[in-house]
Amino acid sequence: MKKLLLIAFASSVLSAPVIASETPAKLNLCIGCHGQDGNSVVPTYPKLAGQHAQYLEKQLKDFRSGLRPDPVMRSFAKGLSDQEIHDLAVYFSQQKAQ
């Protein structure tokens with residue numbers, strides 16, 4: 001009986017779906033300039049990888065409101081919700097800076 005329970009438990013664990021960390025829905029807006037992982041290869045675009053999430057979140061909100069003036073970034077940020085900004089900030093903060 002113990003063997004049967006052990007086999008049943010092991011097979012349920014091994015067959016469970018692997019939950020991958022999700023990438024933000026709006027990541028495609030960022031990767032053209034900042035790279036998939038936030039490590040831009042173009043010197044004029046800042047690297048976002050490894051930055052503090054709170055810093056990135058504040059900057060995106062400032063771009064969105066116009067407090068930080070940049071017409072290109074404002075056009076991207078104005079369509080982002082607070083949750084999307086948060087998700088992007090967390091994602092880039094978890095990437096490794098290169």
Side-chain angles (χ1 to χ4, degrees):
M1 180 70 171
K2 287 182 185 180
K3 274 188 176 180
L4 186 57
L5 286 174
L6 183 58
I7 292 170
F9 174 76
S11 65
S12 69
V13 169
L14 295 175
S15 66
V18 176
I19 300 171
S21 61
E22 293 184 32
T23 56
K26 300 287 182 145
L27 182 62
N28 286 341
L29 293 175
C30 308
I31 62 176
C33 298
H34 298 286
Q36 176 78 26
D37 63 353
N39 285 293
S40 173
V41 295
V42 180
T44 55
Y45 303 127
K47 292 185 178 190
L48 304 178
Q51 295 283 351
H52 293 281
Q54 295 85 357
Y55 170 79
L56 294 172
E57 194 167 343
K58 180 184 183 324
Q59 298 314 307
L60 277 171
K61 287 180 178 178
D62 286 353
F63 283 128
R64 184 179 64 185
S65 72
L67 186 61
R68 184 171 177 185
D70 183 297
V72 174
M73 282 302 301
R74 182 153 195 225
S75 69
F76 288 115
K78 72 179 179 180
L80 298 173
S81 68
D82 285 347
Q83 185 62 53
E84 290 166 332
I85 287 175
H86 175 77
D87 293 345
L88 287 165
V90 169
Y91 173 80
F92 284 118
S93 73
Q94 294 173 346
Q95 304 307 303
K96 183 174 175 130
Q98 297 176 7

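Start at 1 with the first residue, then count along the sequence. The figures that follow rest on heavy atoms only: side chains count, while hydrogens, waters and symmetry mates do not.
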Student: Could I get the full list of side chain to side chain contact (heavy atoms under 4.5 Å, CB included) partners for Gln94, not counting sequence neighbours?
Tutor: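 Val90.
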
Student: Would you give me the side-chain donor-acceptor pairs under 3.5 Å for residues 47-54, sequence neighbours excluded?
Tutor:
| from | atom 1 | to | atom 2 | distance (Å) |
| --- | --- | --- | --- | --- |
| Lys47 | NZ | Gln98 | O | 2.6 |

Student: If only atom types and distance count, is the side chain of Asp87 paired as donor or acceptor with the main-chain N or O of Lys26 below 3.5 Å?
Tutor: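 No; judged by distance alone, with no hydrogens or angles, the pair does not exist.
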
Student: If you define the side chain from C-beta out and look only at heavy atoms, does anything of Cys30 sit under 4.5 Å from Phe92?
Tutor: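 Yes, their side chains come closer than 4.5 Å.
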
Student: Checking His34 now: which residues fulfil side chain to side chain donor-acceptor pair (under 3.5 Å) with it, not counting sequence neighbours?
Tutor: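 Testing His34 for side chain to side chain donor-acceptor pair (under 3.5 Å), a comparison that skips the adjacent residues, returns none.
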
Student: About how many Å separate CG of Leu29 and CG of Leu88, when rounded to the nearest 0.5 Å?
Tutor: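 With rounding to 0.5 Å, CG (Leu88) is 7.5 Å from CG (Leu29).
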
Student: Checking Ser40 side chain against Cys33 main chain: does a donor-acceptor pair fall under 3.5 Å?
Tutor: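 Side chain of Ser40 to backbone of Cys33: a pair is present.
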
Student: Do Gln36 and Leu27 have side chains that approach each other closer than 4.5 Å (heavy atoms only, starting at C-beta)?
Tutor: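 Result yes, sub-4.5 Å side-chain heavy-atom pair found.
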
Student: Name every donor-acceptor pair, under 3.5 Å, that has one atom in a side chain of residues 62-73 and the other anywhere in the protein, sequence neighbours excluded.
Tutor:
| from | atom 1 | to | atom 2 | distance (Å) |
| --- | --- | --- | --- | --- |
| Asp62 | OD2 | Lys58 | NZ | 2.5 |
| Arg64 | NH1 | Leu80 | O | 2.9 |
| Arg64 | NH1 | Asp82 | OD1 | 3.1 |
| Arg64 | NH2 | Asp82 | OD1 | 2.6 |
| Ser65 | OG | Lys61 | O | 3.4 |
| Ser65 | OG | Asp62 | O | 3.2 |
| Ser65 | OG | Leu67 | N | 3.2 |
| Arg68 | NH1 | Gln59 | OE1 | 2.7 |
| Asp70 | OD1 | Val72 | N | 3.1 |
| Asp70 | OD1 | Met73 | N | 2.9 |

Student: Mind checking who shares a hydrophobic cluster with Val42, ILVMFWY linked at side-chain heavy-atom distances under 4.5 Å?
Tutor: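 Answer for Val42: Val41, Tyr45.
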
Student: The criterion is side chain to side chain donor-acceptor pair (under 3.5 Å); which residues satisfy it with Ser81, sequence neighbours excluded?
Tutor: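 Result, side chain to side chain donor-acceptor pair (under 3.5 Å) vs Ser81: Glu84.
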
